[in-house]
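Structure first, commentary second.
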Amino acid sequence: MTYQSRVYLSFGSMAALLLIVGFFQSWSVAFAILNLCLISSVMVLGVNMQWGYAGLFNAGVMGFAAMGGVAAVLVSAPPVQEAWQAGGAGIVLSFAIAIATAVAVGVVHWKMKSGDLAKFAVITAIIVIGFVLYRMNLDPAVEAIEAVEPAKTGFLGGLGLPILFSWAVGGLLAAGVAWIIGKIALGLRSDYFAIATLGISEIIVAILKNEDWLTRGVKNVNGLPRPVPYEIDVQQSPFYQGIADQLGVSIVEFSSIYVKLCYSALFLVVLLVIFYLSEKALKAPWGRMMRAIRDNEVSANAMGKHVTGRHLQVFILGSAVIGIAGAMLTTIDGQFTPASYQPLRFTFLVWVMVIVGGSGNNLGSVIGGFVIWFFWIEAEPIGLWMMDLITSGMAPENALRLHLIESASHMRLIMMGAILLLVLRFSAKGILPEQDRQSHR
Amino acid sequence: MDLLNALVALANYILVPGIAYGSQLALGALGVTVVYGILRFSNFAHGETMSAGAMFAILFMWLFQSLGITIAPLPTIVLGLIPAILCMIVYLLITDRFVYRYYREQKAKPVIFLVASTGLMFLTNGIIRFIIGPDEQRVSDGARFVMKAREFKQLTGLNEGLAIKTSQLITVLAAVAIVVALFWFLEKTKSGKSMRAYSDNENLALLSGINPDRVVMIAWTLTAILATVAGALYGLDKGYKPFTYLQLLLPVFASAIVGGLGSPIGAIVGGFVIAFSEVTITYAFKKVIKYLAPDAWAPEGLVQLLSTDYKFAVSFVILVVVLIVMPTGIFKGKSL
């Protein structure tokens with residue numbers, strides 16, 4: 001099968017699957033799946049830059065997606081004036097102290113002779129004093145902020161800007177984290193990099209769950225503003241009522257589909273822009289250099305390419321894309337729920353998408369995002385149905401049957417793990433294999 | 001000023017839990033180090049391997065309990081360890097046969113092994129949840145305490161009690177026994193020497209007629225023993241919850257890297273470094289300061305450097321510092 005026909009066949013089948021859901025389940029469900037497929041594809045494009053272009057194993061996709069979610073809160077949530085008055089100054093001061101401490105440590109690190117015991121002592125002293133001052137200012141401020149109407153707010157709130165801005169801010173925040181981690185762990189062994197990304201993502205999520213003054217923690221931030229109209233407004237507008245009548249659908253169903261379509265359009269624009277830029281970059285000399293580094297670091301280094309520098313670059317870019325996707329996800333949810341950041345859902349699933357779609361191929365990433373998300377959503381019904389089938393011979397109250405049906409939801413983990421291992425082993429190139437330049441001619 | 005009470009409080013809340021947790025981390029890190037030394041990749045599935053070992057131990061514990069076989073005052077799970085280890089050896093050899101062997105023959109890059117082990121991690125986690133369910137299982141039976149806080153107070157007449165749980169004592173004894181046996185095996189037996197030779201220089205070892213398949217098999221066997229004991233002890237000490245082992249991955253790897261990946265001594269030292277840092281930094285020192293300082297100085301807050309929710313941040317920070325300052329770890333493992 002030629003590459004072209006593979007592309008048409010895979011995208012055609014995916015469209016057919018969504019149409020089947022539309023006709024047999026409901027169009028509302030079909031568009032809901034489509035929207036999350038689009039977001040997943042953006043996220044996969046980000047991971048594909050890191051893994052497909054450069055061969056970097058980022059085990060902390062979850063953390064970068066969570067940075068996007070934080071951006072949505074910080075940009076769009078309405079600011080809480082009382083909380084700012086209660087503890088805003090303390091927070092700002094304590095962060096100024098933290099930054100000053102970091103700068104002081106940096107200055108000492110550069111200015112003093114390395115390997116000196118005095119240097120170690122000075123740095124330790126600066127960190128200890130800085131930490132004590134930081135906590136002395138932070139703790140009362142946090143307490144004051146969290147006391148402001150804890151059931152409703154109890155956090156600083158955001159800037160109250162339109163949530164669309166947060167997509168860019170999410171990318172920037174994720175890029176910032178990636179810069180720090182990349183500076184530390186890139187250039188060392190690939191395992192160290194993987195561990196470092198795994199660690200930072202766990203820490204980011206722990207911070208989001210516990211720092212109530214920033215994100216309300218596990219109390220969640222609900223009711224984030226939307227970039228698209230609310231269903232209720234659509235339903236009350238005579239203009240849309242007219243269209244719904246002409247189409248012959250109820251206004252309730254129409255409004256639900258209309259809102260989802262608006263999201264789809266926004267997500268599609270982002271996906272197309274990022275896809276276009278990724279393809280451009282991959283086809284450009286920069287992309288060829290990245291692949292040369294990936295395939296043979298030693299010779300690329302000998303050719304004068306700065307391997308660690310390029311790795312840092314592509315890691316930051318990929319993480320920024322993941323952050324954008326994370327902000328988009330929080331936007332469509334309309335709420336920020338730190339407890340929903342699970343490694344299975346955010347790190348591992350995206351990895352399965354990249355590998356199944358085809359590492360190094362951007363179209364492959366898009367189709368991987370679509371296919372795996374579709375089956376992720378449909379896995380539970382399929383798993384339940386299979387368990388029901390397997391155990392149909394048993395009595396309804398048979399203990400084994402009950403246990404199996406109860407455990408059907410864990411089938412997702414087993415299924416995704418098995419898919420990853422099987423594809424990696426038997427079809428390592430994925431659905432749409434990477435194309436080198438020759439084959440395009 | 002009450003030095004004795006302060007010391008007892010420190011021992012009760014930092015020393016005893018730190019030693020027990022450090023032993024568990026050391027055993028876990030030893031497993032990572034064995035796989036790293038022989039198969040040359042970081043086994044991300046190791047946390048779930050520990051969890052699976054603990055699960056088998058619990059299943060056998062239930063079997064023994066239902067048959068009425070107990071070894072009171074010791075917890076029954078100790079009895080379940082031996083069949084659990086056998087099950088884990090079989091499981092790891094199967095995964096090696098169907099997952100890793102192919103990549104070994106292909107001489108794949110280490111990062112491919114890493115991705116494969118991540119896949120295995122989630123597959124194993126799914127199987128565990130499928131068999132035993134996602135809920136917490138209580139595993140301690142038999143005598144809960146070797147020394148109760150109240151008994152210690154009566155014995156010494158101090159205000160502070162020193163409690164030692166049976167699980168903590170068993171953890172330390174088992175860890176010592178296993179580490180001694182492991183070092184004896186690596187240093188004194190022919191198989192152990194061939195493993196060290198293979199780890200040091202693969203080509204030279206192959207030239208001297210060492211059978212690589214046998215070395216790999218022994219490595220997985222050792223990993224099964226280490227991981228099962230570490231996982232079951234952790235479950236015995238803190239309660240068995242399938243999802244905690246994913247979070248244990250970070251401290252275990254931090255221990256192995258801090259000590260120096262590939263160095264068995266390093267893994268043990270690293271385990272204790274990480275465990276004591278974690279316990280010390282997340283301990284609220286209010287009580288100790290109250291004993292040491294005059295009443296007027298008594299602190300208002302808990303004097304806790306970091307809340308326990310951030311305990312893995314401690315291992316992460318130590319890991320980062322080690323990566324920046326000395327990437328080969330304390331004991332100069334293989335790196336870069």
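So you know, we letter chains A, B, ... as the sequences are listed, proteins then strands, and number each from 1.
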So, B:Asp309 side chain and A:Asn210 main chain: donor-acceptor pair closer than 3.5 Å or not?
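Not confirmed, B:Asp309 side chain does not pair with A:Asn210 backbone.
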Checking the side chain of A:Arg425 only, and the main-chain atoms of B:Phe98 only, is there a donor and an acceptor separated by less than 3.5 Å?
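Present.
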What's the spacing between [X] [atom1] and [Y] [atom2] if we round to 0.5 Å?
X	Y	atom1	atom2	answer
B:Leu323	A:Ile184	CG	CD1	8.0 Å
B:Tyr310	A:Glu202	OH	CD	13.0 Å
B:Lys109	A:Asp295	NZ	CG	6.0 Å
B:Thr328	A:Arg189	OG1	CZ	12.0 Å
B:Phe316	A:Ile200	CZ	CD1	4.0 Å

For B:Ile128, is it the side chain, the backbone, both, or neither that has a heavy atom closer than 4.5 Å to a heavy atom of chain A?
neither
According to salt bridge (charged side-chain N to carboxylate O under 4.0 Å, His left out), who are the partners of B:Arg129, at least two apart in sequence or on a separate chain?
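B:Arg129: no salt bridge (charged side-chain N to carboxylate O under 4.0 Å, His left out) contacts found.
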Does any heavy atom of chain B fall under 4.5 Å from the side chain of [X], the backbone, both, or neither of them?
X	result
A:Glu143	neither
A:Ile355	side chain
A:Ala59	side chain

State whether the number of non-hydrogen atoms from other residues, nucleotides or ligands found under 6.0 Å of B:Glu136 atom CD is greater than 12.
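Count over threshold, so yes.
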Do [X] and [Y] come within less than 4.5 Å of each other through their side chains, counting heavy atoms only?
X	Y	answer
A:Leu421	B:Leu123	yes
A:Tyr192	B:Leu261	yes
B:Val115	A:Leu420	yes
B:Thr118	A:Phe57	yes

Name, in order of residue number, those residues of residues 123-136 of chain A that have a heavy atom at a distance of less than 4.5 Å from a heavy atom in chain B; otherwise write 'none'.
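The stretch touches chain B at A:Phe131, A:Arg135.
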Between B:Leu249, B:Ile324, B:Ile257, who has the most heavy-atom pairs with chain A when the cutoff is under 4.5 Å?
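With the most close heavy-atom pairs to chain A, the winner is B:Ile257.
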Shortest non-hydrogen separation from A:Leu424 to B:Ile112 and the atoms involved:
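Taking every non-hydrogen atom into account, CD2-O, 4.2 Å.
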So which bits of residues 99-108 of chain B come within less than 4.5 Å of chain A, counting non-hydrogen atoms only?
B:Val99, B:Tyr102, B:Tyr103
Donor-acceptor pairs are to be reported for all side-chain atoms of residues 341-349 of chain A against protein atoms at under 3.5 Å, with residues two or more places apart or in another chain.
residue	atom	partner	partner atom	Å
A:Gln342	NE2	A:Ala339	O	3.2
A:Thr347	OG1	A:Met62	N	3.1

A:Trp51/B:Val111 under side chain to side chain contact (heavy atoms under 4.5 Å, CB included): CA gap, chis, key distance, verdict:
CA-CA 10 Å; A:Trp51 171 247; B:Val111 72; 3.7 Å; yes
Does B:Phe253 form a side chain to side chain contact (heavy atoms under 4.5 Å, CB included) with A:Leu198? I'd like the steps, not just the answer.
CA-CA 11 Å; B:Phe253 266 94; A:Leu198 179 84; over 6 Å; no
Evaluate the criterion side chain to side chain contact (heavy atoms under 4.5 Å, CB included) for residue pair A:Val352 and B:Phe122; output intermediate values, then yes/no.
CA-CA 11 Å; A:Val352 176; B:Phe122 281 93; over 6 Å; no
